[in-house]
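Notes for the one structure printed next.
Chain A is the first sequence line, chain B the second, and so forth, proteins listed ahead of strands; every chain is numbered from 1. Only a predicted model underlies this, so the values are computations on that prediction, with no experimental measurement involved.
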There are 2 protein chains.
Amino acid sequence: MNHLLADERYNIILALLQENEIVKLADLIEQLEASEATLRRDLASLEKKGLLKRVHGGASLPKRRGIEPGLHEKTNKFIAEKLKIAKKAAEYISDEDCIYLDAGTTVKELIPFLTGKNVTVLTNGLMHLPLLSEAGIRTMIIGGQVKTSTNAIVGSTAVSFIRQYRFDKCFLGMNAVHPELGYTTPDPDEALLKRAAIELSREAYVLADSSKLNDSAFAKVADMTEAVIITDANDESILRPFRKNSHTKVVTA
Amino acid sequence: MNHLLADERYNIILALLQENEIVKLADLIEQLEASEATLRRDLASLEKKGLLKRVHGGASLPKRRGIEPGLHEKTNKFIAEKLKIAKKAAEYISDEDCIYLDAGTTVKELIPFLTGKNVTVLTNGLMHLPLLSEAGIRTMIIGGQVKTSTNAIVGSTAVSFIRQYRFDKCFLGMNAVHPELGYTTPDPDEALLKRAAIELSREAYVLADSSKLNDSAFAKVADMTEAVIITDANDESILRPFRKNSHTKVVTA
DNA sequence: CAAAAATCAATCATTTTCAATCAAAAACAA
DNA sequence: TTGTTTTTGATTGAAAATGATTGATTTTTG
């Protein structure tokens with residue numbers, strides 16, 4: 001087995017990682033018969049995608065939070081998609097930005113990409129705090145009623161709290177995205193907060209995997225034109241309705 | 001077998017610890033084939049993360065290990081005392097009360113006693129949220145800056161947030177309690193928030209085990225007369241200075 | 001209690017690994 | 001084919017981790 005393609009090397013590296021939790025660069029050089037420089041680039045590239053974490057002398061599995069058994073089944077299915085979306089969203093974040101992070105699993109994947117960007121974060125998601133703390137990010141949390149089922153802050157207090165601030169960007173999760181009906185979510189309280197975040201941001205981004213597209217829920221958050229939609233869907237038949245309105249901005253991860 | 005990566009050594013050390021409760025440095029040198037200096041650094045690093053406790057000649061499991069269920073048993077040395085204090089404090093809480101719970105381990109012990117009392121809670125302690133949720137208590141959290149070292153909300157935003165509310169009672173932890181110097185704490189930001197809570201409450205209670213008595217810290221919170229002190233100390237020689245001022249209310253658990 | 005042994009923290013030289021650069025090789029398009 | 005872009009491999013100085021040495025501190029022993 002002589003020359004391997006880049007993607008083949010990627011797959012082997014990731015497979016070795018799954019087996020051993022950690023791989024040494026020296027071992028990779030031997031097993032894949034590629035140069036040190038190439039494999040070093042491979043590791044850098046895979047780390048950028050969030051698929052592994054580089055350590056001195058090799059790489060290890062990235063720390064995955066949230067081993068709660070209940071949520072495991074739901075979240076795991078779209079984890080790769082969520083990661084792609086989060087990676088894309090991170091490209092829009094600049095140094096020194098003040099950003100709002102909505103509660104939710106997709107937005108959570110965005111946090112590891114914030115390290116080193118020196119951003120300030122305001123969030124209503126209690127589940128984000130451990131990761132934000134670990135990433136060493138200046139964090140503020142919205143005050144208000146704790147909704148225990150989703151570990152998020154909601155309610156009128158939360159809305160008036162958030163109105164004290166202005167953001168460079170906001171990143172929102174969303175339950176349903178529809179070309180004509182716009183962004184919607186089941187809980188009216190959450191909808192109010194999301195709407196406020198959009199209004200207070202210079203740029204608003206909605207992160208939604210393809211299962212949320214062309215669906216609608218009870219409470220309206222905003223029209224399609226009020227926020228950029230970032231999704232993993234690349235099927236043109238799904239995306240075409242969204243492109244009809246030229247003011248709707250669609251980004252594919 | 002080649003040299004081990006740092007993370008691999010960490011994992012092996014921790015695994016050995018799980019098996020034997022204690023590991024000798026000399027054994028690690030032999031098993032991991034690394035130098036004394038390296039392993040010494042490893043132990044220092046792991047101790048910094050709180051994953052083990054260094055002892056002369058090796059390392060042992062940290063006292064607070066066993067991460068899952070009973071948070072009640074593993075906080076500090078004074079659990080029994082804290083529990084007695086919390087139980088006493090709970091006697092002052094009535095049905096339908098609106099109460100403020102300060103961050104801190106002693107106040108945390110109070111939460112299980114709230115079940116069934118139909119109270120509304122405002123808190124700045126992120127560490128309280130799981131227990132409050134479990135107890136099914138209507139909970140609001142203060143908005144503001146997250147202080148990661150103590151898992152609490154602090155800062156000027158927090159103070160102005162709390163001023164929107166009024167409480168029937170507030171329950172505060174305290175680092176130091178002194179008969180003449182009053183209630184003090186090391187962090188001025190925390191002091192401001194505690195002081196605000198006292199002002200906004202019809203009745204204020206400070207929960208402090210005997211190790212905090214007759215001590216003082218940097219930032220003043222309030223005079224002794226402004227809050228009831230609940231403590232486990234029953235040594236009259238300790239308590240007498242506090243009783244000198246007849247306006248100071250002392251409760252022994 | 002004092003001496004001896006063991007362990008510790010701090011420092012420095014050595015080795016290993018890293019990131020950046022550039023030239024050669026391969027893949028690709030016109 | 002020719003020219004261009006992408007990928008790869010080698011080289012470099014910088015950065016990080018390691019191992020040995022030192023003297024200070026702690027524990028054990030007599």
Side-chain angles (χ1 to χ4, degrees), chain A residues 1-17 20-63 84 87-88 90-91 95 112-118 134-136 252-253, chain B residues 1-17 20-63:
Chain A
M1 71 134 112
N2 227 348
H3 305 302
L4 287 170
L5 240 42
D7 277 336
E8 295 183 274
R9 290 199 309 271
Y10 292 169
N11 288 333
I12 293 175
I13 292 171
L14 292 176
L16 286 173
L17 259 180
N20 300 344
E21 300 235 330
I22 194 166
V23 288
K24 286 193 269 282
L25 185 62
D27 293 346
L28 289 178
I29 295 171
E30 195 181 334
Q31 297 222 15
L32 299 181
E33 297 176 12
S35 75
E36 177 186 324
T38 298
L39 288 165
R40 213 175 274 291
R41 273 185 288 253
D42 287 353
L43 293 185
S45 162
L46 290 171
E47 182 178 44
K48 218 171 174 185
K49 291 184 194 163
L51 296 173
L52 56 76
K53 186 180 146 229
R54 229 131 79 89
V55 298
H56 201 89
S60 71
L61 285 175
K63 276 191 229 165
K84 269 174 65 181
K87 171 77 185 359
K88 188 69 183 176
E91 293 178 13
D95 221 53
F113 296 107
L114 300 178
T115 41
K117 291 212 176 188
N118 197 26
E134 191 180 306
T252 303
Chain B
M1 185 208 266
N2 221 352
H3 302 157
L4 289 170
L5 243 42
D7 278 344
E8 294 183 283
R9 290 198 310 270
Y10 293 169
N11 288 334
I12 292 174
I13 292 170
L14 292 176
L16 286 173
L17 259 179
N20 302 342
E21 300 249 323
I22 192 163
V23 288
K24 281 189 274 226
L25 185 62
D27 294 345
L28 289 178
I29 294 171
E30 195 181 334
Q31 298 232 3
L32 300 182
E33 298 175 11
S35 74
E36 177 186 324
T38 297
L39 288 165
R40 213 174 275 290
R41 273 185 286 251
D42 287 354
L43 294 185
S45 163
L46 289 171
E47 183 178 43
K48 214 171 175 183
K49 292 183 196 163
L51 297 173
L52 55 76
K53 189 181 146 230
R54 230 129 79 88
V55 298
H56 199 87
S60 72
L61 284 174
K63 281 176 190 167

To the nearest Å, how far apart are [X] [atom1] and [N] [atom2]?
{"X": "B/L39", "N": "D/dG19", "atom1": "CG", "atom2": "P", "value": "8 Å"}
{"X": "B/E8", "N": "D/dA17", "atom1": "CD", "atom2": "C1'", "value": "15 Å"}
{"X": "A/I29", "N": "D/dG9", "atom1": "CD1", "atom2": "C1'", "value": "12 Å"}
{"X": "A/E33", "N": "D/dG9", "atom1": "CD", "atom2": "C1'", "value": "15 Å"}
{"X": "A/L28", "N": "C/dC18", "atom1": "CG", "atom2": "P", "value": "11 Å"}
{"X": "B/E36", "N": "C/dC8", "atom1": "CD", "atom2": "C1'", "value": "8 Å"}
{"X": "A/L25", "N": "D/dG9", "atom1": "CG", "atom2": "C1'", "value": "14 Å"}
{"X": "B/D42", "N": "D/dG19", "atom1": "CG", "atom2": "P", "value": "10 Å"}

Looking only at side-chain N and O atoms, does [X] come under 4.0 Å of OP1 or OP2 in [N]?
{"X": "B/R9", "N": "D/dT18", "value": "yes"}
{"X": "A/R40", "N": "C/dT17", "value": "no"}
{"X": "A/S35", "N": "D/dG9", "value": "yes"}

Along DNA chain C (nearest heavy atom to each residue), the more 5'-positioned of B/A37 and B/H56: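 Checking each residue's closest nucleotide, the 5'-ward one belongs to B/H56.
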A/K48 and A/R54, any side-chain heavy atoms less than 4.5 Å apart: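 When only atoms from C-beta onward are counted, A/K48 and A/R54 do not touch, as no gap falls below 4.5 Å.
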Non-hydrogen side-chain atoms of B/L28 and B/L16 separated by less than 4.5 Å: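 Yes, side chains in contact.
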Nearest atoms (heavy-atom pairs only) where A/L52 meets A/P62: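 Heavy atoms only, the tightest pair is CA-CD, 3.7 Å.
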Test log, rule side-chain contact (heavy atoms from CB on, under 4.5 Å), inputs B/I12 and B/L4: CA-CA 10 Å; B/I12 292 174; B/L4 289 170; 3.9 Å; yes
Closest to side chain of A/R54, choosing from D/dT18, D/dG9, C/dA19: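 Nearest listed nucleotide: C/dA19.
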